[in-house]
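Take a look at the structure below.
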Amino acid sequence: MDVSYIIDPLNDEQRQAVCAPASNVLVLAGAGSGKTRVLVHRIAWLMQADNISAYSILAVTFTNKAAAEMRGRIERLLGMPSKGLWVGTFHGIAHRLLRAHWKEAELPQSFQIMDSEDQHRAIKRVIREMGLDDKRWVPREVQWWINARKDEGLRSHNIEHRNDNYLQHMVEIYREYEAMCQRNGALDFAELLLRAYDLWVKRPDILQHYQARFQNILVDEFQDTNTIQYAWIKLLAGQTANVFVVGDDDQSIYGWRGAQVENIYRFSKDYQNTSQFRLEQNYRSTGNILGAANALIANNTDRMGKELWTEGSEGELIEIYSAFNEMEEARYIVDKIIAWNEQGGLRSENAILYRSNAQSRVLEEALMQTGTPYRIYGGLRFFERQEIKDALAYLRLIANRADDASFERIVNLPTRGIGNKTVDLVRSYARANDVSMWQACIDLIANGDVTARAASALQFFIDLINTMQQGIENMELYEQIEHVIHHSGLITHYEKEKGEKGRNRIENLEELVNAGRSFEQDDWEESEMDMMSAFLAHASLEAGEGQASEGEDSVQLMTLHSAKGLEFKQVFMAGMEEGLFPHSRSADESGRLEEERRLCYVGMTRAMEKLVMTHAEKRRLYGEETYARPSRFLSEIPEEFVQHVRMQGTATPLTAQSQYSSNPVAEAAPVQLGQRVYHEKFGEGVVLNYEGEGRHARVQVNFDDIGSKWLMMEYANLIV
DNA sequence: GCGGAGACCCTTTTT
DNA sequence: GGGTCTCCGC
């Protein structure tokens with residue numbers, strides 16, 4: 001068989017990795033070095049050259065996007081559908097296993113997946129029911145703690161707490177939460193992995209089946225695996241499978257959610273006969289961008305050591321722009337994008353990256369003002385929207401009456417006279433008698449234990465759900481959704497919400513019907529599940545990037561985290577300020593700081609042609625004005641790669657001076673342009689510019705050591 | 001039981 | 001700044 005189409009497009013290093021003899025392989029792949037390409041070609045190689053069946057191959061990724069892309073590229077390369085091949089996220093594959101073996105995993109067949117918000121609500125409820133103070137036991141923190149334990153493979157009974165009061169409480173909450181999930185047939189994200197792992201540990205016969213099948217396991221982004229994922233792979237691999245992992249320790253940015261970079265180092269020890277390959281040739285970025293990124297990341301200790309290089313040109317210098325405040329920063333970025341666009345470039349070739357989602361608002365406003373189309377990734381995703389979750393809760397309750405979380409969400413939405421008191425009553429009856437809240441309603445009505453008014457309201461709700469279930473029998477999936485959003489009263493309810501918000505919600509609900517329709521066409525695979533259950537699981541596992549206006553050429557906005565794996569011709573990194581990036585919460589531990597630096601490295605290496613990093617001296621964030629120094633990461637980039645750009649107008653300070661000199665306030669300024677001043681922290685410098693009056697007066701000083709800065713006269717204490 | 005007004009809290013990244 | 005929660009009047 002001719003396999004040249006598989007190996008010809010590869011460079012030497014890539015080819016060695018792709019064609020490595022069947023054994024364990026660790027590929028250390030730098031940013032832009034063709035990581036996905038190696039995985040895709042390796043799979044094709046296994047099938048075509050080694051004649052391995054697609055059925056014996058399992059490829060695991062972290063995001064749905066990556067999984068979809070890998071599958072698509074494999075199919076394009078082979079020119080046929082990848083039948084039998086398992087490609088998916090850790091969570092998706094765990095879910096698939098649990099659906100197939102729900103009984104052995106001790107789950108109800110109708111088990112549901114909770115997203116983070118569902119989990120948060122559930123934990124909150126547990127804390128309240130235990131009579132604990134949620135000021136002291138903050139649901140968010142507890143949630144975080146429980147997830148971290150699950151990621152380590154620990155259940156409540158595995159955790160020692162001896163005389164530690166705090167731990168003891170945490171473990172108790174954890175235990176109660178576990179019990180509640182089990183009662184309701186609800187699984188959180190971490191539980192999917194843990195259950196799938198436990199399933200194999202408890203049932204060696206099932207494990208053996210999969211071990212025999214998946215003799216070839218491939219893992220993408222290996223540096224992001226956590227303890228349980230590592231253990232899961234290891235269990236599956238057993239003694240005989242060949243494991244091929246690709247990763248980059250410099251791009252490990254998920255330590256905060258349990259990812260263990262150490263897993264890369266461990267790999268060669270845990271898997272015998274591992275051959276190791278390094279991909280350092282970069283096909284993405286210019287020499288200057290790579291030089292800067294290499295220099296930055298060299299500040300981290302604990303690296304496996306890699307240096308990216310390119311055959312391409314040096315390209316343009318990296319631009320560092322010092323803005324005055326966040327609005328000016330945004331305007332600068334948008335202007336550059338518009339210029340790019342006017343010179344014939346696409347808007348979609350531009351990405352604006354930021355550390356935290358809170359930064360996106362100002363950027364959005366600037367884009368909107370200029371009528372520049374944009375698209376935001378992350379933030380609130382489709383299936384996470386309130387109205388969508390309401391609709392899904394109806395569908396879930398129809399599918400599974402024991403789903404208490406869904407019950408609570410919609411029992412009085414739209415309001416139908418079932419208030420907190422009644423719900424409390426239902427909840428405590430359910431707890432006391434160990435039945436679902438649904439069943440509790442039925443019992444309470446039958447026993448006459450509720451007021452006549454509450455009883456009739458509850459009965460109305462029960463009838464509503466039952467009637468809808470009958471109503472949607474024999475309907476197509478999308479018709480079922482349509483039926484439910486109308487008959488539940490959700491549409492009417494949201495129609496009452498005024499303004500654009502309400503209209504959007506209606507549109508989203510209608511979009512949900514469309515989502516059902518396209519799910520039927522594209523995503524539905526025959527399996528143990530009925531289509532509705534599959535759709536509901538899909539809604540939890542894939543938050544749904546799909547937004548409207550996808551077709552339009554638009555600027556891409558996203559956090560640095562979600563930019564990993566992507567590339568853009570021109571990249572803007574906004575908010576390069578101490579406290580924001582590196583984030584203040586990362587300052588205390590050095591490990592966290594290194595992770596921030598890796599995040600910066602990830603951001604920089606997204607750029608193909610041009611990288612612009614901006615910082616603002618003054619920023620309104622979380623409703624408060626803050627002043628921040630430029631990020632230390634900026635000063636870690638050697639000057640040879642950098643071009644500093646100052647605020648517009650300041651490049652010609654003297655003309656600016658003539659404009660201002662007619663201004664009486666400027667004339668009254670305590671400093672003069674061109675004057676030499678001394679600042680306690682920044683040393684000596686020359687006054688370049690001055691503006692504002694009184695308390696708000698600001699002065700720009702070009703310091704001998706650190707360059708130009710805007711300072712508030714009020715605080716600067718300049719010595720003339 | 002319902003809805004509005006104001007206090008209160010947080011505030012990184014996501015499958 | 002804004003989302004959530006609580007309280008209060010209807």
Side-chain angles (χ1 to χ4, degrees), chain A residues 60-67 88-95 113-121 124 128 134-135 138-141 143-144 147 150-151 187-193 221 224-226 228-229 252-259 326 353-362 377-381 383-384 386 411-424 451 453-454 457 496-497 537-545 558-564 575 579-587 592 595-596 598-600 602-603 619-626:
Chain A
V60 196
T61 64
F62 277 84
T63 66
N64 295 303
K65 207 166 30 175
T89 62
F90 276 102
H91 293 88
I93 288 164
H95 173 244
I113 303 165
M114 290 188 282
D115 68 14
S116 312
E117 196 222 327
D118 301 332
Q119 186 188 27
H120 181 242
R121 284 165 168 257
K124 204 151 128 188
R128 289 222 175 135
D134 60 7
K135 297 271 186 319
V138 185
R140 282 253 170 262
E141 288 169 15
Q143 177 180 21
W144 188 87
N147 286 339
K150 288 191 176 191
D151 286 344
L187 273 70
D188 58 56
F189 288 133
E191 183 70 25
L192 282 171
L193 302 177
E221 307 275 20
D224 288 339
T225 50
N226 63 30
I228 190 78
Q229 287 160 338
S252 157
I253 54 173
Y254 287 108
W256 53 274
R257 64 174 202 208
E326 78 280 9
L353 311 181
Y354 36 80
R355 178 64 178 85
S356 64
N357 279 315
Q359 286 169 256
S360 72
R361 171 166 261 103
V362 194
Y377 288 80
L380 195 56
R381 258 85 58 88
F383 286 114
E384 291 168 358
Q386 181 190 316
V411 65
N412 200 32
L413 187 111
T415 49
R416 47 176 75 93
I418 304 173
N420 289 333
K421 262 219 166 102
T422 309
V423 175
D424 284 346
T451 62
R453 222 166 107 178
K496 286 186 203 135
E497 201 170 329
H538 167 86
S540 308
L541 280 175
E542 294 205 34
E545 284 294 355
M558 68 195 81
T559 63
L560 286 153
H561 280 89
S562 36
K564 191 165 76 158
L580 199 57
F581 189 35
H583 197 273
S584 51
R585 291 207 168 183
S586 313
R592 297 303 234 142
E595 182 155 312
E596 294 282 301
R598 290 193 293 268
L599 189 56
C600 186
V602 166
R619 179 179 297 275
R620 210 181 160 76
L621 201 61
Y622 305 126
E624 205 126 353
E625 298 238 299
T626 50

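Computation of the quantities below employed the complete heavy-atom set of this structure, encompassing side-chain atoms and omitting hydrogens, waters and symmetry-equivalent molecules. Labels below follow one simple rule: chain letters A, B, ... track the order of the sequence lines, proteins then strands, and each chain is numbered from 1. Everything numeric in this text was worked out from a predicted model, so none of it was measured.
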Regarding A/Asp188 and A/Gln143, do their side chains bring together a donor and an acceptor under 3.5 Å, going by distance alone? no
5' precedence on DNA chain B between A/Val138 and A/Ala358 (nearest-nucleotide basis): A/Val138
Name the closest nucleotide to the A/Asn357 side chain, picking from B/dC2, B/dT15, B/dT13. B/dT13
Choose from B/dC2, B/dT14, B/dG1 the nucleotide whose nearest atom is closest to any side-chain atom of A/Arg453. B/dG1
Distance in angstrom units between A/Tyr377 OH and B/dT13 P, rounded: 18 Å
Among B/dT14, B/dT13, B/dG1, the nucleotide that comes nearest once only the side chain of A/Ser356 is considered: B/dT13
Candidate nucleotides C/dC5, B/dG1, B/dT14, ranked by approach to the side chain of A/Arg257 - the nearest: B/dT14
For A/Phe62, report the nucleic acid contact type (base, sugar-phosphate, nothing); a contact means any heavy atom under 4.0 Å. sugar-phosphate
Looking only at side-chain atoms of A/Arg361, point me to the closest of C/dG2, B/dG1, B/dT14. C/dG2
To the nearest angstrom, the CG-C1' distance between A/Leu599 and B/dT14 comes to 13 Å
Base, sugar-phosphate, or nothing for A/Asn412, non-hydrogen atoms under 4.0 angstrom? sugar-phosphate
Starting at atom CG of A/Leu580, determine the distance to atom C1' of B/dT13, rounded to an integer number of angstrom. 13 Å
Closest to the A/Trp256 side chain, choosing from B/dT14, B/dT15, C/dC5: B/dT14
Specify the separation, in whole Å, of atom NE2 of A/His583 and atom P of B/dC10. 15 Å
Please report the distance separating the C1' of C/dT4 from the corresponding atom of B/dT13, rounded so that it comes out in whole Å. 22 Å
Let's see if you can work this out: which of B/dT15, B/dC2, B/dT14 has an atom nearest to the side-chain heavy atoms of A/Thr559? B/dT14
Regarding the side chain of A/Phe189, the nearest nucleotide among B/dG3, B/dT14, B/dT15 is B/dT15
Here the distance between atom P of B/dC10 and atom CH2 of A/Trp144, to the nearest Å, is 17 Å
Backbone of A/Asp115 reached by a side-chain donor or acceptor of A/Asp118 within 3.5 Å: yes
Could you please name the option among B/dT13, C/dT4, B/dG1 that lies closest to any side-chain atom of A/Thr422? B/dG1
Rounded to whole Å, please give me the gap between NZ in A/Lys150 and P in B/dT15. 18 Å
Carboxylate-amine/guanidinium proximity below 4.0 Å for A/Glu596 and A/Arg592: no
I want to verify a distance call: between B/dT13, B/dT15, B/dG1, whose nearest atom is closest to the A/His561 side chain? B/dT13
Could you check if a side-chain atom of A/Asn147 sits within less than 4.5 angstrom of a side-chain atom of A/Phe189, using non-hydrogen atoms only? no
Whole angstrom is fine here: how far is it from CG in A/Leu192 over to P in B/dT14? 19 Å
Rounded to the nearest angstrom, tell me the gap between atom CG in A/Leu353 and atom P in B/dT13. 14 Å
Angle between ring planes, A/Tyr254 versus A/His561, binned at 30° and 60°: parallel, tilted or perpendicular? tilted
Please determine whether side chain to side chain contact (heavy atoms under 4.5 Å, CB included) holds for the pair A/Val60 and A/Gln229, giving the CA-CA distance in whole Å, both sets of side-chain angles, and the decisive distance to 0.1 Å. CA-CA 10 Å; A/Val60 196; A/Gln229 287 160 338; over 6 Å; no
